[in-house]
Amino acid sequence: VSATQSDTAGNTSSAASTSVILDNAAPNALTITTPIEVDGRINAVEDDSVLITGSGAEANASVSVTISDGSNNQSRTVTADGSGAWTISGREFDVSSFNNGTLTVSATQSDAAGNTSSAASTSVILDNAAPNALTIATPIEVDGRINAVEDGSVLITGSGAEANASVSVTISDGANNLSRTVTADGSGAWTISGSEFDVSSFNNGTLTVSATQSDAAGNTSSATSTS
């Protein structure tokens, strides 16, 4: 850019000049690191500190990240490092009040000239609801008593699990404990058949049996117990 002036006599000054940079090209779309929260699911333990990271930004660009369930939204703006990597670490999203289901994560970058990229987007499942308590089939060992013939192979079964959920079963006399983890079938039934409890060394008296289930997102039910 240059400028001169001419006076009333027609004399013209020397030119003053300066320069300006034209940058009207939008930066590239970002990359969001997936799966979010390792498995693409946010459970009740994770829902107040959801970490989003990514790459592909221009050095030191401003990165805007938004998470939404369609009704609720949260946004963070961070600065990419010199390599273009970015993270909301230290300002993680708290989605504990969001609706369960699919959440959409989107991210854009703005360069030094103020041009904004197109949005990169991905999804993550919010499932922070604990599954229902299980049902333990009773009476255990038909009559609710374990005798000397049965004490080496105590079978515990039950129902009420989510399909293919992980079921943890524990038996205890208060001093000694044994645990098994099995997978429920498609109907929610479960059994420790094949890995029965050996309580032959337990103290005689009342034994407590408890069971919990963990769903695909890692949420754990309250314990069901019987004796």
Side-chain angles (χ1 to χ4, degrees), residues 32-53 67 69 89 92-105 122-146 150-203 206-227:
I32 302 171
T33 302
T34 56
I36 294 168
E37 292 298 331
V38 182
D39 58 359
R41 292 178 176 268
I42 302 169
N43 62 31
V45 174
E46 303 162 334
D47 64 6
D48 63 350
S49 57
V50 179
L51 179 63
I52 311 294
T53 66
I67 193 167
D69 65 5
S89 178
E92 288 85 352
F93 289 122
D94 181 350
V95 297
S96 56
S97 63
F98 278 31
N99 298 309
N100 272 222
T102 300
L103 307 185
T104 300
V105 177
T122 189
S123 61
V124 61
I125 302 296
L126 173 62
D127 178 359
N128 60 2
N132 294 330
L134 297 170
T135 297
I136 301 171
T138 56
I140 293 168
E141 292 298 331
V142 182
D143 58 0
R145 292 177 175 272
I146 302 168
E150 302 162 337
D151 66 4
S153 57
V154 178
L155 178 63
I156 312 293
T157 66
S159 58
E162 294 186 4
N164 307 310
S166 176
V167 175
S168 296
V169 188
T170 299
I171 192 167
S172 174
D173 66 4
N176 303 284
N177 304 278
L178 289 170
S179 294
R180 299 285 187 271
T181 300
V182 295
T183 301
D185 67 18
S187 72
W190 53 271
T191 176
I192 66 166
S193 178
S195 57
E196 289 86 351
F197 289 122
D198 181 350
V199 296
S200 57
S201 63
F202 277 30
N203 298 309
T206 300
L207 306 185
T208 299
V209 176
S210 61
T212 60
Q213 65 166 318
S214 296
D215 63 20
N219 302 299
T220 300
S221 70
S222 58
T224 297
S225 62
T226 189
S227 57

Subject >> Minimum heavy-atom distance between I67 and F98, given as atom pair plus value >> reply: O-CE2, 3.9 Å

Original post:
Atom CG of N177 and atom CZ of F197: how far apart are they, to the nearest 0.5 Å?
Top reply: 10.0 Å

Original post:
Is there a side-chain contact between T157 and S193 (heavy atoms, below 4.5 Å)?
Top reply: no

**OP:** Tell me, please, which residues at least two apart from D198 pass side chain to side chain contact (heavy atoms under 4.5 Å, CB included).
**Re:** S200

Original post:
Among all residues two or more places apart in sequence or in another chain, which pass the side chain to side chain contact (heavy atoms under 4.5 Å, CB included) test with A217?
Top reply: R41, N43, D127, D215, N219

Original post:
Who are the side-chain hydrogen bond (donor to acceptor under 3.5 Å, both in side chains) partners of S159, not counting sequence neighbours?
Top reply: none

Original post:
If you look at every heavy atom in A161 and V167, which pair is closest and at what distance?
Top reply: CB-CG2, 4.1 Å

Original post:
Residues in side-chain hydrogen bond (donor to acceptor under 3.5 Å, both in side chains) with D151, at least two apart?
Top reply: none

**OP:** Would you give the length of the straight line joining atom CG of L155 to atom OG of S195, rounded to the nearest 0.5 angstrom?
**Re:** 9.0 Å

Original post:
Can you tell me how far OG1 of T181 sits from CD1 of I192, rounded to the nearest 0.5 angstrom?
Top reply: 10.5 Å

Original post:
Atom OG of S201 and atom CG of L178: how far apart are they, to the nearest 0.5 Å?
Top reply: 7.0 Å

**OP:** Could you tell me whether the side chain of T34 and the main chain of I36 form a donor-acceptor pair under 3.5 Å?
**Re:** no

Original post:
Which value, rounded to the nearest 0.5 Å, describes the distance between R180 atom CZ and S168 atom OG?
Top reply: 12.0 Å

Original post:
Counting only N and O atoms by type, is there a donor-acceptor contact under 3.5 Å from the side chain of E46 to the main-chain atoms of A44?
Top reply: no

Original post:
What pairs with N128 under side-chain hydrogen bond (donor to acceptor under 3.5 Å, both in side chains), at least two apart in sequence or on another chain?
Top reply: D47, N100

Original post:
So, for W190 and V182, which heavy atoms are closest and what is the spacing to 0.1 Å?
Top reply: CB-CG2, 4.4 Å

Original post:
Taking atom CG of D48 and atom CZ of F93, what is their separation to the nearest 0.5 Å?
Top reply: 13.5 Å

Original post:
Which residues pass the side chain to side chain contact (heavy atoms under 4.5 Å, CB included) test with S222, sequence neighbours left out?
Top reply: A133

Original post:
Does the pair T208 and S227 meet the rule for a side chain to side chain donor-acceptor pair (under 3.5 Å), with working shown?
Top reply: CA-CA 4 Å; T208 299; S227 57; 5.6 Å; no

Subject >> Shortest non-hydrogen contact between P131 and E162, atoms and distance >> reply: CB-OE2, 3.5 Å

Original post:
Between D69 (side chain) and N99 (backbone), is there a donor-acceptor pair under 3.5 Å?
Top reply: yes

Subject >> Shortest non-hydrogen contact between V154 and E141, atoms and distance >> reply: CA-OE2, 3.3 Å

Subject >> Shortest non-hydrogen contact between V105 and I32, atoms and distance >> reply: O-CD1, 3.8 Å

Subject >> Partner set under side chain to side chain contact (heavy atoms under 4.5 Å, CB included) for T102, not counting sequence neighbours >> reply: S123, I125

Original post:
In chain order, what residues pass the side-chain hydrogen bond (donor to acceptor under 3.5 Å, both in side chains) check against S221, with sequence neighbours excluded?
Top reply: none

